[in-house]
Amino acid sequence: MTFCREEHVRIPESDLEGMSVDTLAVRAGQIRTGELEHSDAIFPTSSFVYGSAAQAAARFGGEEPGNIYSRFTNPTVQAFEARIAAMEGGERAVATASGMAAILSTCMALLKSGDHVVCSRGVFGTTNVLFQKYLAKFGVDTTFVSLTDRSQWEAAIRPETRMLFIETPSNPLCEVADMAALAELAHARDALFVVDNCFCTPVLQRPFEQGADIVIHSATKYLDGQGRCVGGVVVGPEKLMEEVYGFLRSAGPTMSPFNAWVFLKGLETLPIRMRAHCDNALELAQWLEGQSAVAEVFYAGLESHPQHELARQQQSGFGGVLSFRLKGGREEAWAFIDATRMISITANLGDVKTTITHPATTTHGRLSPEDKAHAGITENLVRISVGIEAVADLKIDLQRGFSALEQ
């Protein structure tokens, strides 16, 4: 007797129930065509055809499921959405053109004029600008507070507060938020708790398990992992994601099919990459702590980090980003960066290639001097996104920076 397994066009979610993140990163969300291809298919098309005018009307009217137009329905993008939703443990995901588009889409869909947001100071500089400059034009007010001081969060919440927004670990000082405590605070005031999980990814951290309502990613970073494409994604309950999807359908900050396909390939290797990033970053952070020209190192994997124990509880690894203050100012920071030869001087992070940047003049360069001071973005601060090269070689390259300072 011969057993023949039916080949599914879409692998049923029930077949993957209870599987680990490592398996979901490879298997979840795949949509096969009638050709039964093994790798994920890519659908580089702007539109789709219908069997009749009646079917077209039914699709546009929402009476029949199916693809309509790649601004808001594309099989490759949907496969990426399904995979990241499964990995995060969320009901639904909506992919966007960039990480900033993911944050914008969430806010435009779920906030209105008169609403108030409490946001941690330790966020990506452009996130700060989005809240402070652009959303403010539409009547959404934002208060910025310390990521780790619960009393500031409690004091900042108002009756009109509708969202608490954080990055954890933070960019670039690697502060760690107590997500369960902030989720409790948000829900007690009927506000949404939104977590940017870019630094850890679902491999190292699962914000929904800590009470988050929405999880956001810049897919440009670790989800891709090789610096090839720009994209973002929002994950959350079906009801909320339908609103985000509605904004995407109307406003169009859409992920392209090609980029979605690249991100699908990136997710397949995400678990093993994140472990390599973590191993290298921890060893490099420990080495930097021993350098005489370094005043302070920021990495949650170090026992000297003030939220080290909290990070151990919330995360299965400490990530690949670290930062440190040199003894001196901008001149010393720039001289150190310029002396490296292998490490890439670029503001992107999450790449398999190690990158180095000066946050005060790049990622957080648009912040006012006051906002930089509040966020701890000093002129002597250097951020490194640690790649997966041999860590001994990274030390050799960074030693060039230290030698330049000695000279």
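Starting from 1, each residue takes its place in the sequence as its number.
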Original post:
After noting the C-alpha distance and the side-chain angles of Gln132 and Asp371, does the key distance pass the side-chain hydrogen bond (donor to acceptor under 3.5 Å, both in side chains) rule?
Top reply: CA-CA 11 Å; Gln132 195 166 212; Asp371 286 339; 3.2 Å; yes

Drop me the distance from [X]'s [atom1] to [Y]'s [atom2], to the nearest 0.5 angstrom.
X: Leu310; Y: Glu175; atom1: CG; atom2: CD; answer: 11.5 Å
X: Gln205; Y: Gln315; atom1: CD; atom2: CD; answer: 5.0 Å
X: Leu192; Y: Met163; atom1: CG; atom2: CE; answer: 5.5 Å

Do other residues, nucleotides or ligands put more than 12 heavy atoms under 6.0 Å from the [atom1] atom of [X]?
X: Arg312; atom1: CZ; result: no
X: Tyr69; atom1: OH; result: no
X: Lys395; atom1: NZ; result: yes
X: Glu303; atom1: CD; result: no

Between [X] and [Y], does any side-chain N to carboxylate O distance fall below 4.0 Å?
X: Asp40; Y: Lys265; answer: yes
X: Arg158; Y: Asp141; answer: yes
X: Glu242; Y: Arg92; answer: yes
X: Asp22; Y: Arg275; answer: yes

Plane angle bin for Phe318 and His308 - parallel if under 30°, tilted between 30 and 60°, otherwise perpendicular: parallel

Exam field: side chain Gln314 to backbone Met179, donor-acceptor pair closer than 3.5 Å
yes

Between [Y] and [X], is there a side-chain donor-acceptor contact under 3.5 Å, judged purely by atom types and distance?
X: Arg121; Y: Ser146; answer: no
X: Glu88; Y: Asn197; answer: yes
X: Thr269; Y: Arg273; answer: yes
X: Thr143; Y: His116; answer: yes
X: Thr362; Y: Thr357; answer: yes

So the ring-ring contact (aromatic ring centres under 6.0 Å, His included) pairs with at least one residue in residues 223-280 (sequence neighbours excluded) are Phe80-Phe263, Tyr222-His277

The complete set of ring-ring contact (aromatic ring centres under 6.0 Å, His included) pairs with one or both residues in residues 181-221, sequence neighbours excluded, reads none

Exercise. Taking the six-membered ring for Trp, are Phe336 and Phe402 ring centroids under 6.0 Å apart?
Worked result: yes

Aromatic centroids of Phe324 and Tyr299 separated by under 6.0 Å | no

Sequence neighbours excluded, the answer for salt bridge (charged side-chain N to carboxylate O under 4.0 Å, His left out) partners of Glu331 is none

Shortest non-hydrogen pair, His364 vs Pro172, comes out as CE1-CD, 3.8 Å

Closest heavy-atom pair, Ile343 versus Thr354, reported as atoms and distance to 0.1 Å, is CG2-O, 3.5 Å

